[in-house]
Amino acid sequence: MQQKRNIQIIEWEDLDKRKFYSFGVFMTMTIRATVYPAMLIRTRLQVQKGKSLYTGTYDAFRKILRAEGLRGLYRGFMVNTFTLISGQAYITTYELVRKYVSDYSKDNTLKSLVAGGSASLVAQSITVPIDVISQQLMMQGQGEHLTRFKVKPKAPSGAKHKVTFGQTRDIIAQIFAADGFRGFYRGYVASLLTYIPNSAVWWPFYHFYAEQLSKMAPNDCPHLILQAMAGPLAAATASTVTNPMDVVRARVQVEGRSSVIETFKQLIREEGCWGMTKGLSARIISSTPTAIVMVVGYETLKKLSLRPELVDSRHW
């Protein structure tokens with residue numbers, strides 16, 4: 001019987017970096033636009049007390065769409081696009097750390113775990129201020145009573161039209177006036193405690209699931225299909241493991257709390273262990289298409305960015 005080929009991982013040294021970054025910006029933007037409504041719904045579900053506003057993911061989607069329209073599902077999106085910078089920092093750090101760790105160990109699980117955690121550390125240092133601002137914008141509309149900051153009422157119809165980033169400047173000014181520069185890094189520790197483990201868990205499980213699927217699939221099955229299936233499985237695993245801290249992170253950032261531990265204790269006291277699962281379904285729902293788009297996009301990106309002499313050496 002023919003021995004099954006393992007899925008070959010395209011490493012940093014195999015890439016044409018100019019192509020890699022050019023295609024990478026487009027891929028990241030596409031992913032953000034696709035999953036942003038689910039991110040907004042997840043934030044509102046996590047911040048609300050009990051089920052005071054929405055009973056679940058579908059109920060939130062229906063109510064937001066009815067009361068605020070399609071634009072309501074994209075509140076804060078323009079600010080969130082600045083995470084393109086952190087996206088590029090993430091993938092660069094991930095690939096470089098994998099290359100560095102490979103000098104000491106060839107174990108793919110170890111390389112994925114260390115690189116994934118390191119990439120998240122770098123990316124979150126850039127992302128947290130953007131998240132703090134965009135989450136405040138997400139909570140406007142039906143969720144504005146749950147946040148400390150509220151945008152100014154719209155100007156009368158006869159007045160000069162407000163520019164696109166008017167609400168953003170308003171929120172930034174309020175955050176700075178209330179908390180200073182530290183206000184933009186509120187929830188930074190909670191974010192690290194959420195996303196470093198999430199990233200460190202996602203990558204090893206992604207490669208693990210891809211390998212297991214390759215053993216069950218026919219030899220001629222395209223690797224991209226197997227990777228597209230492995231991505232959501234890894235995302236669901238990582239989301240379930242890290243969701244409790246994600247709930248705490250959202251509350252720290254939106255409600256202006258200063259203590260991760262006290263926020264965690266209060267959540268348990270008020271809503272019990274089930275409080276730790278708030279927004280989990282929305283998170284998995286958002287992470288599934290995210291994972292598929294990200295994996296297909298990222299693996300395609302690396303394939304398209306291969307150095308010319310290596311193109312024929314990788315099974316598609």
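Bear in mind that the values here come from a model prediction, so they are computed numbers and not experimental data. Worth knowing before you read on, the calculation uses all heavy atoms, side chains too, and leaves out hydrogens, waters and symmetry mates.
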- prompt: Do side-chain atoms of Gln48 reach the backbone of Leu53 as a donor and acceptor pair under 3.5 angstrom?
  reply: yes
- request: Please report the closest heavy-atom contact between Ile268 and Cys273, naming both atoms and the distance.
  value: CD1-CA, 4.3 Å
message: Can you confirm whether more than 12 heavy atoms, excluding those of Phe20, are under 6.0 Å from its CZ atom?
response: yes
query: Between Ser120 and Ile196, what is the shortest heavy-atom contact and its length?
result: OG-N, 3.4 Å
query: Are Glu271 and Arg251 close enough for a salt bridge, meaning some N to O gap below 4.0 Å?
result: yes
message: Membership question, hydrophobic clusters at under 4.5 Å side-chain separation (ILVMFWY): are Tyr195 and Val132 in the same one?
response: no
query: Are Lys111 and Trp203 in a cation-pi setup, meaning NZ or CZ lies under 6.0 angstrom from the ring centre and within 45 degrees of the ring axis?
result: no
Residue Arg182 excluded, over 12 heavy atoms near CZ under 6.0 Å: no
field: Spatial distance of atom CE (Met294) from atom OG (Ser287) [nearest 0.5 Å]
entry: 10.0 Å
Exam field: side chain Asn243 to backbone Met276, donor-acceptor pair closer than 3.5 Å: yes
Ion pair check, Lys17 and Glu95, cut-off under 4.0 Å: no
- request: Indicate yes or no: does Asp59 engage Lys51 in a salt bridge with an N to O separation below 4.0 Å.
  value: no
message: Using a 3.5 Å distance criterion without hydrogens, assess whether the side chain of Arg307 forms a donor-acceptor pair with backbone atoms of Glu13.
response: yes
message: If you compare all heavy atoms of Ile292 against all heavy atoms of Ala228, which two are closest, and at what distance to 0.1 Å?
response: CG1-O, 3.8 Å
- prompt: Under a 4.5 Å cut-off applied to non-hydrogen side-chain atoms, are Asp246 and Arg42 in contact?
  reply: yes
message: Are Tyr21 and Leu15 linked, directly or through intermediate hydrophobic residues, by side-chain heavy-atom contacts shorter than 4.5 Å (ILVMFWY only)?
response: yes
query: Between atom OG of Ser191 and atom CG of Leu121, what is the distance when rounded to the nearest 0.5 Å?
result: 11.5 Å
Backbone of Pro232 reached by a side-chain donor or acceptor of Thr288 within 3.5 Å: no
query: Between CG of Leu137 and OG1 of Thr43, what distance do you get to the nearest 0.5 Å?
result: 11.5 Å
query: Would a distance-only check, ignoring hydrogens and angles, find a side-chain to backbone donor-acceptor pair under 3.5 Å from Ser239 to Ala236?
result: no
Any side-chain heavy-atom pair of Val241 and Asn198 under 4.5 Å: no
message: Let me confirm one number: the OH-CG distance from Tyr74 to Leu40, rounded to the nearest 0.5 Å.
response: 10.0 Å
task: Show the numbers, then the answer: is there a side-chain hydrogen bond (donor to acceptor under 3.5 Å, both in side chains) between Thr242 and Arg249?
output: CA-CA 11 Å; Thr242 61; Arg249 175 197 61 81; over 6 Å; no
task: For the pair Glu11 and Arg98, find out whether any cationic side-chain nitrogen is under 4.0 Å from an anionic carboxylate oxygen.
output: yes
- request: Under the side chain to side chain contact (heavy atoms under 4.5 Å, CB included) rule, what do Phe208 and Thr109 come out as? Steps first, then yes or no, please.
  value: CA-CA 8 Å; Phe208 170 77; Thr109 299; over 6 Å; no
query: Is there a donor-acceptor contact under 3.5 Å linking the side chains of Tyr94 and Ser199?
result: no
- prompt: Mind checking whether Thr240 and Ile284 have side chains closer than 4.5 Å, heavy atoms only?
  reply: yes
- prompt: Under 3.5 Å, is there a donor-acceptor pair between the side chain of Thr277 and the main chain of Trp274?
  reply: yes
- request: Tell me, with the steps shown, if Leu73 and Leu70 meet side chain to side chain contact (heavy atoms under 4.5 Å, CB included).
  value: CA-CA 5 Å; Leu73 292 170; Leu70 184 62; 4.2 Å; yes
- request: Carefully, step by step, assess Tyr185 and Ser125 under the rule side-chain hydrogen bond (donor to acceptor under 3.5 Å, both in side chains).
  value: CA-CA 9 Å; Tyr185 274 89; Ser125 298; over 6 Å; no
query: Is there a chain of hydrophobic side chains (I, L, V, M, F, W, Y, each step under 4.5 Å between heavy atoms) that links Leu113 to Tyr209?
result: no
query: Roughly how far, to the nearest 0.5 Å, is NE2 of His223 from CD1 of Ile9?
result: 11.5 Å
task: Would you name the heavy atoms of Ser281 and Thr57 that are closest together and state the gap between them?
output: OG-OG1, 3.0 Å
field: Shared hydrophobic cluster for Val293 and Tyr90 (ILVMFWY, side-chain gaps under 4.5 Å)
entry: yes
message: Could you check whether atom CZ of Phe205 has more than 12 heavy atoms from other residues, nucleotides or ligands sitting under 6.0 Å from it?
response: no
task: Might you work through the side chain to side chain contact (heavy atoms under 4.5 Å, CB included) test for Glu68 and Arg75, ending with a clear yes or no?
output: CA-CA 10 Å; Glu68 305 174 47; Arg75 287 184 180 275; 2.7 Å; yes
- request: Count the heavy atoms belonging to other residues, nucleotides or ligands that lie under 6.0 Å from CZ of Arg18, then report whether that count exceeds 12.
  value: no
task: For Ser105 and Ser102, indicate whether the former's side chain and the latter's backbone hold a donor-acceptor pair under 3.5 Å.
output: no
message: Determine whether Lys303 and Leu306 satisfy the following criterion, side chain to side chain contact (heavy atoms under 4.5 Å, CB included), listing intermediate values before the conclusion.
response: CA-CA 5 Å; Lys303 180 71 174 180; Leu306 272 172; 3.9 Å; yes
field: Minimum heavy-atom distance Gln124-Leu192, with the two atoms named
entry: CB-CD2, 3.8 Å
field: Common cluster, Phe184/Phe82, ILVMFWY with side-chain heavy-atom separation under 4.5 Å
entry: yes
message: To the nearest 0.5 Å, what is the distance between NZ on Lys215 and CG on Leu213?
response: 11.0 Å
- request: Go through Lys278 and Glu270 one step at a time and tell me if the salt bridge (charged side-chain N to carboxylate O under 4.0 Å, His left out) criterion holds.
  value: CA-CA 13 Å; Lys278 292 172 76 71; Glu270 292 180 351; over 6 Å; no
query: Which heavy atom of Thr127 sits nearest a heavy atom of Ser86, and at what distance?
result: OG1-OG, 2.9 Å
message: Can a donor-acceptor pair be found, under 3.5 Å and without considering hydrogens, that links the side chain of Lys302 to the backbone of Asp14?
response: no
